[in-house]
Structures are given as structure tokens and as C-alpha cells.
Amino acid sequence: MRTCRAAAAGKLTVVLATLVLVVSGCGGGPSPRAWAASVCEALTPWRAEISKLTSSTDQQMTAQTTPAQAKENLVRLFAGAEEASETARRRVADAGVPETEHGEEISRGFRATLEKVRDAYGRARDTIDGLGTGEATAFYDGVKAAVDTLTKEYDASALDTSKLNSEELKQAFDEVPECR
């Protein structure tokens with residue numbers, strides 16, 4: 001009797017282990033299509049928010065406001081961009097690692113780019129927050145310098161995809177509806 005129970009328990013263990021492997025996809029990450037869809041779902045609202053914030057920043061720079069009002073608005077805008085970038089980074093991290101050649105490097109590259117962008121917005125916010133508002137010309141010169149630095153850091157944060165060629169991911173990004 002004990003041998004039958006032991007044999008049944010052993011078979012059940014094998015069946016459960018097999019089921020876990022099948023359900024988990026043998027330990028792999030999401031397919032290139034699923035990963036691309038998740039990444040685009042993370043980046044689409046981020047891009048829209050950054051575009052909106054950029055437009056608001058441009059309007060703020062030309063509006064007839066006091067330096068104190070401009071400072072408050074710009075600090076809020078850059079804090080929003082920093083937060084939006086962190087949300088996108090977190091969502092890309094939640095997408096996992098695509099099951100493709102160089103998947104880990106590609107995923108890491110996307111996250112690192114968003115971290116750099118997030119940090120650039122945070123530094124711009126901190127710089128503007130530290131500016132005095134007593135002298136308008138000096139304040140706006142400081143804002144211009146902060147925005148110029150932000151632009152350089154933003155441009156430098158671009159993901160270098162030259163070594164991360166994945167035909168599967170290129171095709172997935174071209175085909176999934178979330179990326180259109």
C-alpha cells in the first residue's frame with residue numbers, strides 16, 4: 001500500500017512540476033510581441049505627457065508672469081515630467097525581459113534610458129527650484145541654462161540600439177497595434 005501511495009505521490013509531483021513549467025513558459029520571459037506591446041503601452045502615455053509638459057514649459061517661458069510664478073509652474077512641470085518618466089520606467093521593468101536574443105540587454109537599455117531622462121528632469125527641477133526670483137533677468141537666464149542642460153542630457157540619454165539588433169523585436173514593434 002505504501003509503495004502505491006509513494007508511486008502516486010511521485011507521479012503527482014512530476015505532473016505538477018510539468019504543469020508549472022508549461023504555465024510559466026519554461027522560465028522564459030514574454031514573447032517579443034507581448035513585450036513590445038507592454039513597452040508601447042508604457043511609453044505612449046509617457047510621450048503624451050512629456051509632449052504636454054514641453055508645450056506648457058514653452059508657454060510658461062513666454063507668458064507674462066512674475067519670476068516667482070514662473071518658478072512655481074516650472075518646478076511643478078519638471079516634477080511632473082520626472083514622475084511620468086519614473087512611471088514609464090517602472091512599467092517597462094514590469095514588462096520583464098523579452099524572450100529574444102539580447103533580451104536582457106535590450107530591456108536594461110530601455111530602463112536605463114528612462115532613468116537618465118527621469119534624473120535629467122529631476123536635476124532641472126532642482127536647479128530651477130534653487131534659483132532666486134528677485135532679479136528677473138538673472139532668473140530667466142538661470143532657467144534657460146537649466147533647460148539647455150536638460151536638453152543636452154535628454155539627447156545624451158537616447159538608447160543606443162546599434163548593438164542590440166533583434167529582428168524579432170523590430171518586427172514586433174512594427175506590427176503590434178499598441179505601437180502604432
Same apolar cluster: Leu53 and Val143, side chain cutoff 4.5 Å: yes

Could you tell me if the side chain of Trp35 sits less than 4.5 Å from the side chain of Val97, heavy atoms only? no

Taking the side chain as every heavy atom from C-beta outward, state whether Trp46 and Thr87 have any pair of such atoms under 4.5 Å apart. no

Side chain of Ser107, backbone of Gly103: donor and acceptor closer than 3.5 Å? no

Tell me if a side-chain donor or acceptor on Lys71 pairs with a main-chain N or O of Thr133 at a distance below 3.5 Å. no

Test item: Arg47 and Thr44 side chains (from C-beta on) under 4.5 Å apart, heavy atoms: yes

Salt bridge (Lys or Arg N to Asp or Glu O under 4.0 Å) for Asp148 and Lys144? Distances and angles first, verdict last. CA-CA 6 Å; Asp148 288 347; Lys144 182 181 179 327; 2.9 Å; yes

Checking the side chain of Glu72 only, and the main-chain atoms of Gln69 only, is there a donor and an acceptor separated by less than 3.5 Å? no

Looking at Ser55 and Ser51, would you say the former's side chain and the latter's main chain have a donor-acceptor pair under 3.5 Å? no

Could you tell me whether a side-chain N or O of Thr113 sits under 3.5 Å from a main-chain N or O of Ala158, the two making a donor and an acceptor? no

Separation of Ser56 OG from Glu49 CD (nearest 0.5 Å): 8.5 Å

Basic-acidic side-chain contact under 4.0 Å: Asp174, Lys170: no

Do other residues, nucleotides or ligands put more than 12 heavy atoms under 6.0 Å from the CD atom of Glu104? yes

Is it true that Arg111 and Glu115 have a side-chain N and a carboxylate O under 4.0 angstrom from each other? no

Count I, L, V, M, F, W, Y as connected when their side-chain heavy atoms are under 4.5 Å apart, and connections chain through other members. Are Val176 and Ile106 then in the same cluster? no

Distance col, row Cys179:SG vs Arg33:CZ, nearest 0.5 angstrom, shows 9.5 Å

Should Phe78 and Val147 count as side-chain neighbours, where that means a heavy-atom distance under 4.5 Å? yes

Using a distance-only test with no angle check, is there a side-chain donor-acceptor pair under 3.5 angstrom linking Ser38 and Glu41? no

Which distance, rounded to the nearest 0.5 Å, do you find between the CG of Leu77 and the OH of Tyr121? 10.5 Å

Under 3.5 Å, is there a donor-acceptor pair linking the side chains of Arg89 and Ser85? no

Straight-line distance of Ser166 OG to Glu101 CD, nearest 0.5 Å: 7.5 Å

Please report the shortest heavy-atom distance between Ala95 and Pro30, naming the atom on each side. O-CG, 3.2 Å

Would you call Glu105 and Arg108 a salt bridge, using N to O less than 4.0 angstrom? no

Glu153 and Arg123 ion-paired at < 4.0 Å: yes

Give, for atom CG of Leu169 and atom CD of Glu99, the distance between the pair rounded to the nearest 0.5 Å. 11.0 Å

Does atom CD of Gln171 have more than 12 heavy-atom neighbours, drawn from other residues, nucleotides or ligands, at distances under 6.0 Å? no

Contact check, side chains of Leu43 and Leu114, non-hydrogen atoms, under 4.5 Å: yes

Tell me whether the rings of Phe173 and Phe110 are parallel (<30°), tilted (30 to 60°) or perpendicular (>60°). parallel

What pair of heavy atoms forms the shortest contact from Val75 to Ile128, and how long is it? CG2-CG2, 4.0 Å

Check whether Glu168 reaches the backbone of Thr100 with its side chain - one donor and one acceptor, N or O, closer than 3.5 Å. no

Got a second to check how far Asp119's CG is from Glu86's CD, nearest 0.5 Å? 9.0 Å

Does Leu74 belong to the same Ile/Leu/Val/Met/Phe/Trp/Tyr cluster as Leu150, with side-chain heavy atoms less than 4.5 Å apart forming each link? yes

